[in-house]
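Below is one structure, written out as structure tokens; comments come after it.
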Protein chains: 2
Amino acid sequence: MDNTATRTRIQTKNRQAILDAGLAVFAQQGFRGATLDQIAKAAGLSKPNLLYYFPSKEAIHVALLAGLLDTWLDPLRALDADGDPVGEVLAYVRRKLELSRDFPRESRLFANEILQGAPRIGPALSGELKELVDEKATVIRGWAAAGRIAEVDPYHLIFSIWAMTQHYADFDVQVHAVLGPERADPYPSAGAYLDTLFRSLLTPRNVT
Amino acid sequence: MDNTATRTRIQTKNRQAILDAGLAVFAQQGFRGATLDQIAKAAGLSKPNLLYYFPSKEAIHVALLAGLLDTWLDPLRALDADGDPVGEVLAYVRRKLELSRDFPRESRLFANEILQGAPRIGPALSGELKELVDEKATVIRGWAAAGRIAEVDPYHLIFSIWAMTQHYADFDVQVHAVLGPERADPYPSAGAYLDTLFRSLLTPRNVT
DNA sequence: GCTTGATTTGACCATTCGGTCAAAGCAACG
DNA sequence: CGTTGCTTTGACCGAATGGTCAAATCAAGC
């Protein structure tokens, strides 16, 4: 079943349906909160049929997480050392916000995993993730040293971008509760706000 | 058992032990992920004994959430319309960050609840919480209109403060994984970074 | 249309979990 | 020291849950 080369149309279709359903259920209920019956129902399959495609509940979860980190890091990878510093960071913020808007379930799945202490992707965090962040932090530090952006801690800069963009996906319920029904879609104004926020932080001024 | 006036020393002690244990377990495992056995063990009690003090697992969870929102909002309540605008916001940020540092389990409990769609405190969000935020948003808007701080969307300003401060508690594992073992305590540098960030956003300049 | 392998399912199982209960233990007070 | 009411627990229960399996169904090539 894990041999990608040997997949019938039905297999591809059903595996996808299961992953979709699993994403929806895991994102809202967490790993332990999700049940195979819920996932099976959401996928339009019976429970044994679901287990014909994936050996266990955990396998579905792992399959989902596997692709996730990569997609999640793509926007950061695209941060170009040779580009315009402020523009590069702002573009990163924008891409990350779009990810939250377009893939809120993925964001919540990730949030759940981290909240639980990252039992399944812990290693990837201190490996892959840390390496990429270290690399980009060096780039940002270089920009600051050259006076092209203000002096900031690159790690906290990145954390703050993550925190604020993911907030709109993960805490969606709270955001909507506070904004009320009038302002149904917070993303346009959030984009503008974040743009202002990071622009004013990074734009270098009164160079000493 | 819910009559606070009639509490023996033993009752007060054990109820507190249960709430402590519940906080630890719920914060890490989420509501469905937590089991009564885990909580009982963490509290040093037997499961039936635990249910002698609280009628159900849900009752423990509710008791925990009950006090939480209030504590969580106190720092925002303290935002003083008559104080120095930039100073007031920065003080709010600092208090909120201290809350994350000193009560990370409470923060994660809250995060879990929101991620799950706020099934238990949803009403409080669109009630109490929204009212307070609306009130403070008006204050901030007033400051901006008077030219005492830069023009910003007060709601997104508040969201960003929440997001960034809670990030250090909720995504603690990720923060530590990225920073590595050298920078064990991120809070001092996070405080400095957030101070810079919001100061540069809010400080009014080139008044038109 | 028949064979073969892929797909689907009803029935079932072991374990876990929230919760109950009756009985035992214990502290305090007269 | 005996009574009374608070506290603790071992044994148990029913429901839910992850997972199994053998048998039934179906799709596709010959």
Side-chain angles (χ1 to χ4, degrees), chain A residues 1-65 112-113 116 119-120, chain B residues 1-65 112-113 116 119-120:
Chain A
M1 200 58 52
D2 39 68
N3 193 344
T4 315
T6 326
R7 290 250 178 89
T8 38
R9 278 150 291 160
I10 292 188
Q11 274 173 25
T12 335
K13 195 193 87 202
N14 281 348
R15 277 185 62 98
Q16 197 49 52
I18 293 170
L19 289 176
D20 264 10
L23 178 58
V25 178
F26 283 132
Q28 214 227 320
Q29 317 270 6
F31 180 73
R32 296 237 8 216
T35 75
L36 284 179
D37 286 301
Q38 285 175 313
I39 300 175
K41 192 181 171 188
L45 298 172
S46 67
K47 187 170 61 168
N49 198 9
L50 190 153
L51 289 162
Y52 170 72
Y53 291 99
F54 288 88
S56 67
K57 174 180 170 181
E58 171 130 21
I60 304 175
H61 198 242
V62 168
L64 283 169
L65 285 176
N112 260 305
E113 169 71 7
Q116 250 110 81
R120 282 163 249 266
Chain B
M1 199 57 55
D2 40 65
N3 192 342
T4 317
T6 325
R7 289 250 178 90
T8 0
R9 279 150 291 161
I10 293 188
Q11 275 174 22
T12 335
K13 195 194 89 204
N14 280 349
R15 277 185 61 99
Q16 195 50 52
I18 293 170
L19 289 175
D20 265 10
L23 179 58
V25 178
F26 282 133
Q28 215 228 319
Q29 317 268 6
F31 180 73
R32 295 237 10 216
T35 74
L36 284 179
D37 285 301
Q38 286 176 312
I39 300 175
K41 193 180 170 188
L45 298 172
S46 67
K47 186 169 64 168
N49 197 10
L50 190 154
L51 288 164
Y52 170 72
Y53 290 100
F54 287 88
S56 68
K57 176 181 170 181
E58 171 129 19
I60 304 175
H61 197 243
V62 169
L64 283 169
L65 284 177
N112 262 304
E113 169 70 6
Q116 251 110 80
R120 281 162 249 268

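Each chain gets a letter, A, B and so on, in the order its sequence line appears, and its residues count up from 1. Since we're looking at a predicted model, the values are computed, not measured.
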Of the candidate nucleotides [options], which contains the atom at the shortest distance from the side chain of [X]?
{"X": "A/Tyr52", "options": "C/dG18, D/dT9, C/dT7", "value": "C/dT7"}
{"X": "A/Leu51", "options": "D/dG19, D/dT8, C/dT20", "value": "D/dG19"}
{"X": "B/Pro48", "options": "D/dG18, C/dT8, D/dA11", "value": "D/dA11"}

Just to verify, what does [X] make a side-chain contact (heavy atoms from CB on, under 4.5 Å) with, not counting sequence neighbours?
{"X": "B/Ala24", "result": "B/Arg105"}
{"X": "B/Gln16", "result": "B/Leu19, B/Asp20"}
{"X": "B/Gln28", "result": "none"}

Mind listing the closest non-hydrogen atom pair of [X] and [Y] along with its distance?
{"X": "A/Leu64", "Y": "A/Leu23", "answer": "CD1-N, 3.5 Å"}
{"X": "A/Ala63", "Y": "A/Phe54", "answer": "CB-CE2, 4.0 Å"}
{"X": "B/Ile18", "Y": "B/Ile39", "answer": "O-CG2, 4.2 Å"}
{"X": "A/Ala40", "Y": "A/Ser46", "answer": "CB-C, 4.0 Å"}
{"X": "B/Asn112", "Y": "A/Asn112", "answer": "OD1-OD1, 4.2 Å"}
{"X": "B/Ala17", "Y": "B/Ala43", "answer": "O-CB, 3.8 Å"}

Please give, in whole Å, the distance from [N] [atom2] to [X] [atom1]?
{"X": "A/Asn14", "N": "C/dT9", "atom1": "CG", "atom2": "C1'", "value": "14 Å"}
{"X": "B/Asn49", "N": "C/dC26", "atom1": "CG", "atom2": "C1'", "value": "13 Å"}
{"X": "B/Phe31", "N": "C/dC17", "atom1": "CZ", "atom2": "P", "value": "14 Å"}
{"X": "B/Lys13", "N": "D/dC6", "atom1": "NZ", "atom2": "C1'", "value": "13 Å"}
{"X": "A/Phe54", "N": "C/dT7", "atom1": "CZ", "atom2": "C1'", "value": "16 Å"}
{"X": "A/Leu50", "N": "D/dT20", "atom1": "CG", "atom2": "P", "value": "13 Å"}
{"X": "B/His61", "N": "C/dC17", "atom1": "NE2", "atom2": "P", "value": "17 Å"}
{"X": "B/Lys57", "N": "C/dG19", "atom1": "NZ", "atom2": "C1'", "value": "12 Å"}

Which distance, rounded to the nearest 0.5 Å, do you find between the OH of B/Tyr52 and the CG of B/Asn14?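 The distance works out to 10.0 Å.
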
For DNA chain D, what dot-bracket results from Watson-Crick or G-U pairs at under 3.5 Å, with [ ] for crossers and | for inter-strand partners? ||||||||||||||||||||||||||||||

Which of residues 34-47 of chain A sit near DNA chain D, with a heavy atom under 4.0 Å from it?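 Close to the strand are A/Ala34, A/Thr35, A/Leu36, A/Lys47.
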
Using the side-chain contact (heavy atoms from CB on, under 4.5 Å) rule, take B/Phe31 and B/Glu58 through it: C-alpha gap first, then chi angles, then the decisive distance, then the call. CA-CA 8 Å; B/Phe31 180 73; B/Glu58 171 129 19; 4.2 Å; yes

Give the ring-plane orientation class for A/His61 versus A/Phe26, where under 30° counts as parallel, over 60° as perpendicular and anything between as tilted.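 A/His61 and A/Phe26: perpendicular rings.
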
Distance check: side-chain N/O of A/Arg32 vs OP1/OP2 of D/dG18, anything under 4.0 Å?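 Negative; the distance criterion is not met.
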
Any N/O pairs under 3.5 Å between the protein and nucleotides 23-29 of chain D? List them or say none.
unit_1 : atom_1 : unit_2 : atom_2 : d
D/dA28 : OP1    : A/Arg9 : NH2    : 3.3

